[in-house]
Amino acid sequence: SVAGGEAPPGRRSRARCASEGGVRTAAARRQREGRPERRRARPLLRPGRRRRRPRRHQVEDVGAVRLFVGLPINSVTDGATVNSARGIEAGMRAVKLLGVDGVELQVFWSVVQPESPDKFSWTGYRAVADMARDEGLSLRVSLRIHGSPGGSVPKLPSWVGAAAAKDRDILFTDGAGGRHEDCLSFAVDELPVLAGMSPLQRYEAFFRSFVDAFDDLFESTITDVTVGLGPNGELRYPSYPPGSDVTQFIGVGEFQCYDKYMLAQLRQHAEALGNPMWGLAGPHNAPGYDESPDSSEFFRDHGSWDSPYGDFFLSWYAGKLLSHGDRVLGMASRVFGSKPVELSAKVPFMHWWHGAQSRPAEAVAGFYKSNKKNGYSPVAKVFAQHGCTMVVPGMDVCMNKQQRNTGSSPDKLLVQIKNACRRHGARIAGENASLVMTHTSSFPRIKSNIVTAELMRPTFFTYRRMGAEFFSPEHWPPFMEFVRSVVCGEWDEDDETAAAVSTYDELPQPV
Amino acid sequence: GSSEWDQPPSEIRPPGSVPIKDSAIETPLETSPNSEGHILHEVQIKFDKDTPVAAINFVLKEEGTGAWFQHKGGDFRIPLSGSLKDGDPLGAKQGVKPEGSNAQLKEAVPGEKGPSTKCISEFYEEYPILKSEYFEHFVSVAVTENSETDKSLVEFYTDITGDVIIHWGVCKGNTMTWEIPPEPHPPNTKIFRQKALQTLLEQKTDGTGSAVSFLLDADYSGLVFVLKLNEHTWLRNLENGFDFYIPLTRVEQFGSTQEPHRAGEHKLDDKSAQTDGLISDIRNLVVGLSSRRGQRAKNKVLQEDILQEIERLAAEAYSIFRSPTIDAIEDPVYIDDPESVKPACSGTGSGFEIVCQGFNWESHKSGKWYVELGTKAKELSSLGFTIVWSPPPTDSVSPEGYMPRDLYNLNSRYGTMAELKQLVDIFHENGVKVLGDAVLNHRCAQFQNQNGIWNIFGGRMNWDDRAVVADDPHFQGRGNKSSGDNFHAAPNIDHSQDFVRTDIKEWLRWMRKEVGYDGWRLDFARGFWGGYVKDYMEATEPYFAVGEYWDSLSYTYGEMDYNQDAHRQRIVDWINATNGTAGAFDVTTKGILHMALERSEYWRLSDEKGKPPGVLGWWPSRAVTFIENHDTGSTQGHWRFPYGMEMQGYAYILTHPGTPAVFYDHIFSHLQQDIAKLMSIRCRLKIQCRSKIKILKAEQNLYAAEINENLLMKIGAGHFEPTGPVNWIVAAEGHDYKIWEAAS
């Protein structure tokens, strides 16, 4: 941008001077609460220790929650330039002064490697990271290997898209043959479908290139790396209708196991178990994307899901998700193991239909455990094994906000996730599902979720995201109040009597 | 008796005088010790009593520092002419003595000594002058912990000489409450209002400063202090305006408790005289003020500052994110009309026009404005103006003419119709076109309706209440609803009525013919739809037309937005509605210039696409740029251009595309020569309303642009020098502006 390639020096220095207040606050807060200044990545559990039950988190284990603010999802769209750079810069300084610890940057595979598997363009993202460094902010980087809703960022690198055009089955596919153009099937993770290499190898190259390009920032600025494991950066199947906005969809969804690679694995698995008939297709009696779970046989109370076939299919389906997560996290922890960063990954927060026995929305997204057990439990176990923090993106969701007829239960879901993590020794972290624009109890809800004495206190919370609405007069003031209440404790307007100034109140004012 | 400076005639200049420009001389003072041993600086000026000198004006300048000394913000002045008449002293002698407790002035300056020939009593006046100086001092605080006694040894040392008092207290735990430590207190300590201690530092015998040290219980979390020199001079942390804070408990983290630990060293800048300013370099300080904020710091004022800064930043971010991003927005294609699709009447004149607003808010007072303005026609023409905007000519309820009543009566407070016609003739003889100020939005009634409401008009256009818009309850109009905003002081005319438009067109044509107006300035164009304006313009085919579409710019949290696209869009929409038959005053540019100049935020002068951010960036041929008019400035001052920065404003509009309009008050002021210079550059380099512009810099304190590829300009304090293959030569230069032209 012509006008604002860089901040005018005058303003910068003014902010610097005033920023002392905010700068230290976050640090001081941690200091006060006994948290070390810098986090080191938890050492990976060695294979030999894996079987030992990991030590449970104690409150002392986890200091005050670190606060992040998400940067605009389209901060960089062409690899080279920063969109609204001056806005980002002003925004960073504003949140810094407010006492926020850091910012979160979504780094898209499609932006970094847009045209060929041989070329990475980091200039744009690097410029954003440098801005964060210059502001003294921590940086949480979310590496995204799948597309983003809203269309402001390309879904997949064009050369990956080209491969998908040749072999449509490397894309996730629903029962009706609908393809998810933004999401490669987990079944091809290790098949050489992308210019002679497997997606997993490509992901690893992407991650390693990131490490190379940002190596000098790991000691100073980058504190967290969040690995995108699936659509919307979450470990899940794209169980929403192809082309729709995953963040808006609250239906049951559909199984995504109809690309030929998934089907082949299903068939193989059924044959191995001696039930080849079960391996011919997915459940024939599951509801459509927006249908009620009661509308067809599969997810009804005591429906097919509760039968041996149902358990067979759901276990396999969830297992495929789990092994994908395990593969990518294993690779990521090799790549980032030597870096002083906290590794994290995101899970979906599908609180709708949580009241139904079958938990259908979770099941089609791949969260299931036999015998009606906690579907997040196996996932938490994998996360714990890789020293990976589980990011839960629904810390703002209030019970009363949701339509009752979807059987929504955000509270129960959050408890369920926390239980799973506590059991397996995985840390959790939080995000909000959406900007808190109208629902005034959402900020208190976030606060109670993150400033809590309970065992599973989030290690960080990322509020998403900066943009016009974020800074609008409708949103910014309550957000400011929220951050201040988290950062400074209750704001005490009356307690001014003891102010130091009053001891020399005859002090003449500077002219 | 003029306040303008003239250079004194050479015969009275004392030896050693150096002429400065053509308005002053600089004369070095001679030094001589006086009887009291002080050094005096003096000069004698001798001149014949017949010398026509009304007064001597002077200011003082200190050679070494370049500091200026004035009298109450203006010049020192010795009146000479008045004294002859009433027998007052003719001569003058001024002694100037330093004043102020800490003033460090080394010179006392007796001023000019007048001739004593005819002088009976001496003129003698003493004026105080004030000089402040900065001194850099430091205070260091060392805290040594002794684990055996459980006490800390606190040592203060400063290089400030004379009495220095530390005004101090301690705090415990997380509070920031000042407490007094229990006795024993250090020697020379007083308790101040049960809140703090005041300890006098001991002066070192060698005169190198003062120091004190004392023991303190180790269980305090911090020590807070300010320095006091005397009743009027306190030194505190200039960075935040508050107390110094020395953390005590955290010391351990930084070193062994056995070793003396230097907790912090503060550098002081001691600004003497009346202020208590103090700069502290807290970079070395182990804990800044901020770490206390989490502990509920009480620094309310600091918090307020930070919050204000946060809000400002948020507002800035908001305006940037809110504006559509570059690839999302459709390029508003006002690249300007190619010649082929020019509307039948474009109202833009030749494109090389420079408008003079030929009146101000006071012009009606003499009753002879048309005559007076006529005498200036030649001068205005020679300055380079091609168009003059004359005041509203009709019979009016208000003397300034903006409350018109009988539209066909052109005798006004500015003069008679005959004088007006003469004025137009004079300008035409001088090759200057004349704009009439047409007030079409509203009209004052001459008669009341049956309800006693003034909404029946008289004169040749004897409309009734059907000509008045229906949506202003004050005037009970029976017309349609207004097609624009309402002006509430008079009945707003309903232009949607055919008979109204027919009458207005006839009237405008009559004025074109009878008076000889060449075009129009359209008052309060917000008041009715631009489509009607198109109708009027097509009916009268003005050489030049400009509408006043003035509404508020965009602000967020009281802060002017960077992006004013919405504002200029409204103006452009109006121009569009007129089908481009009239231009509009570029209010957007004026507003942004205000902010850019006033706050040194020159980055505002480039929009997100690197184009000028006002109407002139989008539709330059229809943008009439200005920095002041009779409403914004003059004696009304509704929205005055930043004082003293007018030339920067003119350096912008007179070099940029768009059609610049210069305000009467500025032309006939000390700015005339500078403005004239810029106008002649504009003419010489053939800059016109559609000239190409390339913005080179838009930074905090600097804006620079290249226009027409043959002119470079910069405004702002920032440094700018042209580079590149073109040989640029300076064409004009002034305070914070500079203009270059390409050598031919």
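In this text, all values refer to a predicted model and were calculated from it rather than measured experimentally.
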**Q** Considering residues, nucleotides and ligands other than A:E115, do more than 12 of their heavy atoms fall under 6.0 Å from its CD?
**A** no
**Q** At what distance, to the nearest 0.5 angstrom, does CE of A:M466 lie from OH of B:Y318?
**A** 15.5 Å
**Q** Please give me the minimum heavy-atom distance between B:A317 and A:G91, naming the atom from each residue.
**A** CB-N, 4.0 Å
**Q** Would you say B:I310 and A:R93 make side-chain contact, with heavy atoms under 4.5 Å?
**A** no
**Q** Can you list everything that forms a side-chain hydrogen bond (donor to acceptor under 3.5 Å, both in side chains) with A:S75? Sequence neighbours excluded, please.
**A**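 Scan of A:S75 (side-chain hydrogen bond (donor to acceptor under 3.5 Å, both in side chains), adjacent residues dropped) gives none.
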**Q** Sequence neighbours left out, what passes side-chain hydrogen bond (donor to acceptor under 3.5 Å, both in side chains) with A:S158? Give chain and number order.
**A** none
**Q** Is the NZ or CZ atom of A:R86 positioned over B:F321's six-membered ring, under 6.0 angstrom from the centre and within 45° of the axis?
**A** no
**Q** What's the spacing between A:W476 CH2 and B:L313 CG if we round to 0.5 Å?
**A** 8.5 Å
**Q** Enter the distance from A:L97:CG to B:R312:CZ here, rounded to the nearest 0.5 Å.
**A**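 CZ of B:R312 is found 10.0 Å from CG of A:L97.
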**Q** Where does A:M92 contact chain B at under 4.5 Å (heavy atoms): side chain, backbone, both or neither?
**A**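 For A:M92, neither part sits under 4.5 Å from chain B.
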